[in-house]
Amino acid sequence: MENVDNSTAEKFKSRSGEKDAALSQNEDDDESVWVPLSSHGGDNNITAAPSSASKFCLPSSSVRQLWSALTFGWFTPVLQRMQLELDMGMSPDLESDPKIPPLPPEDSTDHVFYDEFERLWKQQQQQQTEPPSLVKCLWKAFHPLFVSAGILKAVHDCLQFVGPQVLNGLIRFLREPAESITTGLSLTVAVTVAQLAMSLCLRHYFFRCYRVSIKIRTAVLMAIYQKSLTIDSTYYKDHPIGQITNLMSVDVQRLQGVITYLHAIWYSFLQIVLAMYFLWQQLGPSCLAGVLVILLSIPLTGVSAQWMGKLQKKLMEKKDDRVQCNQETIGNMKIVKLQAWEGPFRDKINHLRKVEIRRLFIYDVGQCLSWLLWSAVPLLIAVCTFGAYVTVAGQSLDVASALTALALFEILRFPLYMLPYVINMIVEASVAVKRIQDFLNAPDYTRPSKLTDGRTGSENGNGNEIPVIRLKEGTFTYENILAPTYANKIPTLEEQLEETEQDLLLVKAKLADAEDHLAELEGRPSYAQYGSTVSTISANHNDNTYDATSESNLRPEKILSLRRVNFECREGEFVAVVGGVGSGKTTLLKAILGECQKVSGEVGVRGSVAYFDQKPFIMNDTVKGNILFGKSEDKVDEELYQLAVKSACLEHDLEMLSFGDQTEIGEKGITLSGGQKARVAMARLVYRDADVVLLDDCLSAVDAHVGRELFDKCIIEVLLLKKKKASNSKRTVVLVTNALQYLNNPKVDRIVVMKNGRIVEEGTYKDLAGNTGSHFKKYLDAFSESMSNDDGRSQHATEPGAKATEEFTAANNISKDQSYSESKTTAADSSGDEQKTSAKLMTDEMAEREVGRVDKEVYFTWAKAAGGLWVVVPLFSVFAAGESMKIFSNWWLTYWSHAATPDPESQLKFLGVYGLINIGAMVADFCRMFVVLYLGLLASKSLFSSLLDSTLMAPMSFFDTTPAGRIMNRFSKDIYTIDEDLPQSFQMQQQAYFSQCYRELKRIDSVTRSPIHALFGETLDGFCTIRAFEAERTLFHRILGFIDKQQHAYFLTQAGLCWLAVRLELIGSAIIFFACGAAVWEKQAMLEGNEVFAGLAGLSISYALSVTQSLNWAVRTGSDFEANMVSVERVRQYTQLDQEAPHHKDTDTQLRDWPSRGTIEFRDSKLRYRPGLPLVLKGLNLTIPSQAKVGVVGRTGAGKSTLMTALMRLVELDSGSILLDGVDIKSVGLTKLRSNIAVIPQDPVLFSGTIKTNLDPFNEHSNDRLLDVLERVGLYSTDTSSTIKSLGDNVMQDGSNYSAGQRQLLVIARALLDGAAVVICDEATASIDAEADARIQRLLRQDFRGATTLTVAHRLNTIMDSTHILVMADGRAMEFDTPAALLSKGGLFKDLVSKWEQEHS
């Protein structure tokens, strides 16, 4: 959300007024005018309209209006305006400047998507005969404008043959003394008029194609985003986020790029046919030799296209893998830095990049070979045609025929040159279309059926009362088990076999589940213990083609996530769901939401739903924007909003924030603590005012007293008992929790116990707790035992002088959330006169971008990356060689026409030399292309490596204030530009006046892409919450605005190119006019014809005819080169980021066994998160003894997490020092420091890969050691009930194929491997059940008994056995002593314990 500082706005207004006055004076001087763009029906009409922010003044006459429209004169004031802003040192603002024309309404996202594309796409989706075709839909939506562009191109192509005919006539005129000067002047006027008409037709052809490409990009981007909001969640399991990101960054770009030249498929053949026709007129049947060459080359086109298509597909697969890894790393940089894993991830990404570069090199070689083939075709046509003319026909080549044929061959060269280029683009685009179409045709998420008045609950004995939630015999499977949906297409034999195998697998799993249930009823061993007839079935069917059919993997709980679940809730009912790790609690809620794959049964929900995800979804928005999520476009209900804030215990937090609820939250809640994120999400639930509230472990992240307040006031008083404002009805609440202390509340109607995906028992708290054989009783006993053990340990640990023999740790998440939050939420010093900082957290990329010319250092950076400044020599050499050979070829043809004798031997001699010259030119061009592409590849490889190194080593403050989407824009779109676009646009310098504005527009175009990527990434991260809150419309409108802003910059960029091209072509037409006129004048002065003069004059005119195209392409590619250099500039900007302190120091080798004791000393430590922000640690003095077990408590913003942030040096101290075993940690390399401190975060993070790569990315431990720690945390065993079967088990992105509790256990197992002397923990067992918690607590105390542990506590029972308690407040240590001492003397800690005892009494 944008926030504008008033002073800045006033400053801008003042400077803008100066610019307006200057520009107004400038406009008055040259009487330049603005005209609106109107393109109704695909036309480029200019119509009268009143002046306004989006309407512009009209020309004083219709002639000027027409001329302005034809020559893009309306763009001249845009250039003047932007030039003036640049001269004043300000960045052009396309949106707020009324002098800059807006995006035409016909090209706006709203019109393009809703009015043109979506309707047609839905019509195709409703057809049952064939799957929806993206190409057909785009054609139907946008073909009128595209066809009109083709008509203009056809006129242009016909007119371009006027030049060769005029050239032939002029040569004959120049060598004939008797010809009248009127003939020469008529020919001169004809060719000039033809060139002017060609120019205007060509520019408006391109402009219309650009507008079509804008429309297509808009439509496809919006379709992809819309699909991401509705696609079945299981799609993301097989398709990594990196691949989907590439759809928006690379594939859409390729689809957009092909539109401009797509007409070449037909106009190339038109030009070839017309060229051959006119060649027949000049050379007769000899031109058939050229036709034969063309016919022979056509089959090669198909082979080349197929080959390039395969190369392109393989390249995109490798690019997807690399972008996926990039995105995962950037999104979890906090964990990467805490674990000191920058090295392994750099190596992993570099390896993927190396594979990608290898594929890109093969693709570039393929491009060069394809181009070589097609560049040889026009040369072979010329050689074969002239050869047939002088040998077969026995004719002598005269100057008129030679130069006319040369001009026709020059025309012929372009379509033959363009065809392979266009074919390659079509191949790339077809791969992109296939990938996009597969995504758009993927199965959609299906919302649960709505329970209506026709549905009753009489079968359950509740009369006609309508249930609010109903699962009836619901059986669900894990992702990727169900057979795929083929979207109306006929599946292949292989797909049918896969579908049959998966169906058989499900049948076997359901049969095994039935056997388990039967065995349980009969009191005999279950299938898992003795096997079943399923193995017999497998043997009978000889089913050995599917790994999962092994007996161990056929267990129902391995395939079926929920098994025959019957679950109903009534209006106003409060149901709690408990169970062990991986029992299916979260899956039950996901099934209610429709986010699980249903095998059988019924799922229904009545009314609206609000959902609290186990990992709260927080967007990059203000606090208020996150609370209003999904309703931000509606009028704010202030009463309900204040209730939401109050009931979620956010009042104190908002008071601490400098801008209250208008303070911006970073991506994924980067500025908030885990508890604050949970409470913002709870406030969102209250404001949602839904009928059904689903809470997934909402109390685990908050402090104990806050948890009690949330439960009593928010969940019970507001969500459960307070009636909905909209309908005055009661809400139904389903709470998944491991906090059993809350469940004895009389308002809890039922408790549901789950195990292995089944509901094993349900009843009231009294009934279940009183049944000694119930599962719930076992959980409750384990929980009570942990509480009593904690009390006992506390008494033992707090005896004076007693040595703590057991220990528990818990480590700081030092999460993205808490760290920066405390820098802001610590508010001001007690004096209260701290200057308030801006509410905006994220840096403004628009303001950060470079302004003005691309610095010469950027060019040097690219050259150095390509191998050094010496690369200029081979580049200049191959360019010079190619151009020299072309000039020599043309001169030789002219020389041949008058120097050769008529005999065949002489003609063959000249023909042979002409052929050799052309072969040399072809080889030189191939070398030029290969050298440029190869050097571009070297530069890209080096720049990527520097970008990666610099980004990974940047401090955390950079990631806190920079959206991941903006960073990924560098790693995707900018790297793609450097990989492929930049080498293609390598040319000479260009016109400075145009290039400055063009460059700025390209910069704005690049910058405005970042918000699109960022929002897309956020959407993929929280699609469950988005769909539960029905917030799709809100986000859809947000990205609509982002795309409009980006397309506006692109629209003006392309309009600028057309503006430039028209003026260059006007110059070219003038050159042709003067070249022809001068030849006519000279012939008239000589009063006689001359063969040699006619030849030289004809050669001069032929160069004049080609100079327009050459000049246009030179300036165009030059401008593109500098504009593409913006990508190098943006990458270079990130290679110069401020870096963290050195990760390795020479002194590290002297600290081989450091730290060994774990003594920590803070000496007057002061820390602020960024310059200008208040201090967070304010002179902390504290000594933590060796092997001490320290529990850290305090309110949000007290400095608890900052304590850990300082110790890990995520932020460097402002002053003071921290000593670890007597060594100042500033003198130690970061890798040495961080790798020797074990961290167990509250939010577990896993990376895609395997169990082994997540536990041991350095390969420092044996497999036996890894399996041992997995067994100790309860994730691995040798029997069939093991959660993890082997170290090679797959881990999907974010560990999404494991439950939150299982992910937490994996993170704990990771910490157990370290054997560190210092351990930091942040309530690491909050997401697991009491029994597992007790086991892990014992394990941690045993393994870390010799380590110093710092525990950021949310539940006091987890730190009561600590040797010391540290109470933090206002960045200072307010209390630090043994628990007994603090309890005996009273104070802050005593108050917290008293509240805890009251809540758990």
(request) Any chance you could measure Leu780, atom CG, to Leu740, atom CG, to the nearest 0.5 Å? (result) 6.0 Å
(request) Grab the two heavy atoms, one from Ala683 and one from Leu650, that are nearest each other, plus how far apart they are. (result) CB-CD1, 3.8 Å
(message) Under the rule for side chain to side chain donor-acceptor pair (under 3.5 Å), what residues qualify as partners of Asp1391, not counting sequence neighbours?
(response) none
(message) So which atom in Ala681 and which in Pro616 form the shortest heavy-atom distance, rounded to 0.1 Å?
(response) CB-CB, 4.0 Å
(request) Output all residues satisfying side chain to side chain donor-acceptor pair (under 3.5 Å) with Ser774, sequence neighbours left out; order by chain, then residue number. (result) none
(message) Can you give me the closest heavy-atom contact between Cys596 and Ala591, atom names plus distance?
(response) SG-N, 3.8 Å
(message) Taking salt bridge (charged side-chain N to carboxylate O under 4.0 Å, His left out) as the cut-off, I'd like each qualifying pair that reaches into residues 1022-1031, sequence neighbours left out, listed once.
(response) Glu595-Arg1027, Arg688-Glu1030
(request) Assess whether side chain to side chain contact (heavy atoms under 4.5 Å, CB included) is satisfied between Val1245 and Val1307, documenting all intermediate values. (result) CA-CA 8 Å; Val1245 174; Val1307 172; over 6 Å; no
(request) Just jot down the salt bridge (charged side-chain N to carboxylate O under 4.0 Å, His left out) partners of Asp712, sequence neighbours excluded, or say none. (result) Arg708
(request) Examine distances only and state if a side-chain atom of Thr732 and a backbone atom of Arg570 form a donor-acceptor pair shorter than 3.5 Å. (result) yes
(request) Compare all side-chain heavy atoms of Met754 with those of Val760 and state whether any distance is below 4.5 angstrom. (result) no
(message) For the CG atom of Leu735 and the CG atom of Leu699, what is their distance to the nearest 0.5 Å?
(response) 6.0 Å
(request) Could you tell me whether the side chain of Asp691 and the main chain of Ser608 form a donor-acceptor pair under 3.5 Å? (result) yes
(message) Which heavy atom of Glu761 sits nearest to which heavy atom of His775, and what is that distance?
(response) OE2-N, 2.9 Å
(request) Measure from the side-chain N and O atoms of Asn566 to the backbone N and O of Glu473, and report whether any donor-acceptor pair falls under 3.5 Å. (result) yes
(request) Report yes or no: does Arg684 contribute a side-chain atom to a donor-acceptor pair with the main-chain N or O of Ala644 at less than 3.5 Å? (result) no
(message) Which residues pass the salt bridge (charged side-chain N to carboxylate O under 4.0 Å, His left out) test with Asp767, not counting sequence neighbours?
(response) none
(message) Less than 4.0 angstrom from a charged side-chain N to a carboxylate O is my criterion; do Arg470 and Glu568 meet it?
(response) yes
(request) Just jot down the ring pair (Phe, Tyr, Trp, His ring centres under 6.0 Å) partners of Tyr687, sequence neighbours excluded, or say none. (result) none
(message) Check this for me, if you would: do Arg750 and Glu762 make a salt bridge, where the nitrogen-to-carboxylate-oxygen distance has to be below 4.0 angstrom?
(response) yes
(request) Check the pair Tyr445, Thr230 against side chain to side chain contact (heavy atoms under 4.5 Å, CB included), reporting the backbone distance first and the verdict last. (result) CA-CA 6 Å; Tyr445 149 81; Thr230 62; 5.7 Å; no
(request) Please list all pairs passing the ring pair (Phe, Tyr, Trp, His ring centres under 6.0 Å) test where one or both residues lie in residues 745-765, with sequence neighbours left out. (result) Tyr765-Phe776
(request) Could I get the full list of salt bridge (charged side-chain N to carboxylate O under 4.0 Å, His left out) partners for Lys755, not counting sequence neighbours? (result) none
(message) Just verifying a value: how many Å separate Cys714 SG and Arg679 CZ, rounded to the nearest 0.5 Å?
(response) 11.0 Å
(message) So that I can tick it off, tell me whether Glu717 and Lys713 are bridged by a salt bridge, with the cut-off set at under 4.0 angstrom between side-chain N and carboxylate O.
(response) no
(request) Before giving the answer on side chain to side chain contact (heavy atoms under 4.5 Å, CB included), spell out for Ile592 and Phe567 the whole-Å C-alpha distance, their side-chain angles and the decisive distance to 0.1 Å. (result) CA-CA 10 Å; Ile592 295 171; Phe567 180 77; 4.1 Å; yes
(message) To check you understand the geometry: which heavy-atom pair defines the closest contact between Cys698 and Met682, and what is its length?
(response) CB-SD, 3.9 Å
(message) Using the side chain to side chain contact (heavy atoms under 4.5 Å, CB included) criterion, which residues pair with Thr1019? Sequence neighbours excluded.
(response) Tyr225, Ser228, Leu229, Leu1015, Ile1026, Leu1035
(request) Would you mind telling me which of Leu1275, Val1273, Leu1246 makes a side-chain contact (heavy atoms from CB on, under 4.5 Å) with Gln1302? (result) Leu1275
(request) Inspect the contact between Lys615 and Asp696 and indicate whether a charged nitrogen and a carboxylate oxygen are less than 4.0 angstrom apart. (result) no
(request) Mind listing the closest non-hydrogen atom pair of Phe617 and Gly1022 along with its distance? (result) CD1-CA, 3.5 Å
(message) Closer than 4.0 angstrom, basic N to acidic O: yes or no for Glu638 and Lys624?
(response) yes
(message) The criterion is salt bridge (charged side-chain N to carboxylate O under 4.0 Å, His left out); which residues satisfy it with Lys766, sequence neighbours excluded?
(response) none
(request) Indicate yes or no: at least one non-hydrogen side-chain atom of Leu695 is less than 4.5 angstrom from one of Ile715. (result) yes
(request) Take Asp749 and Val575 through the side chain to side chain contact (heavy atoms under 4.5 Å, CB included) test and state the conclusion after the steps. (result) CA-CA 6 Å; Asp749 297 298; Val575 180; 5.6 Å; no
(message) Tell me if a side-chain donor or acceptor on Ser449 pairs with a main-chain N or O of Val603 at a distance below 3.5 Å.
(response) yes
(request) Please round to the nearest 0.5 Å and tell me the distance separating atom CG of Asp697 and atom OG1 of Thr586. (result) 7.5 Å
(message) Checking the side chain of Asp232 only, and the main-chain atoms of Pro443 only, is there a donor and an acceptor separated by less than 3.5 Å?
(response) no
(message) I'd like to check Val623 versus Leu654 (side-chain heavy atoms, cut-off strictly below 4.5 Å). Are they in contact?
(response) yes
(request) Determine whether Leu743 and Val578 make a side-chain contact, defined as any pair of heavy atoms from C-beta on separated by less than 4.5 Å. (result) yes
(message) Measuring only between side-chain heavy atoms, which start at C-beta, is Leu721 closer than 4.5 Å to Arg731?
(response) no
(message) A side-chain contact here means heavy atoms from C-beta on lying under 4.5 Å apart; do Lys598 and Thr475 qualify?
(response) no
(request) Please list, chain by chain and in numerical order, all residues satisfying side chain to side chain donor-acceptor pair (under 3.5 Å) with Tyr611, sequence neighbours excluded. (result) Asp613
(request) With sequence neighbours left out, write down each residue that passes ring pair (Phe, Tyr, Trp, His ring centres under 6.0 Å) with Phe1023, or none if nothing qualifies. (result) Tyr236
(message) For the CG atom of Asp444 and the OG1 atom of Thr446, what is their distance to the nearest 0.5 Å?
(response) 7.5 Å
(message) Less than 4.5 Å apart, side chain to side chain, heavy atoms only: is that true for Leu588 and Val736?
(response) no
(message) Given 3.5 Å as the limit, does a donor-acceptor pair link the side chain of Lys585 with the main chain of Gly580, or not?
(response) yes
(message) Do Arg606 and Pro467 make a side-chain contact, defined as non-hydrogen atoms from C-beta onward lying under 4.5 Å apart?
(response) no
(request) Quick one: pull up SG in Cys649 and CG in Leu710 and give me the separation to the nearest 0.5 Å. (result) 4.5 Å
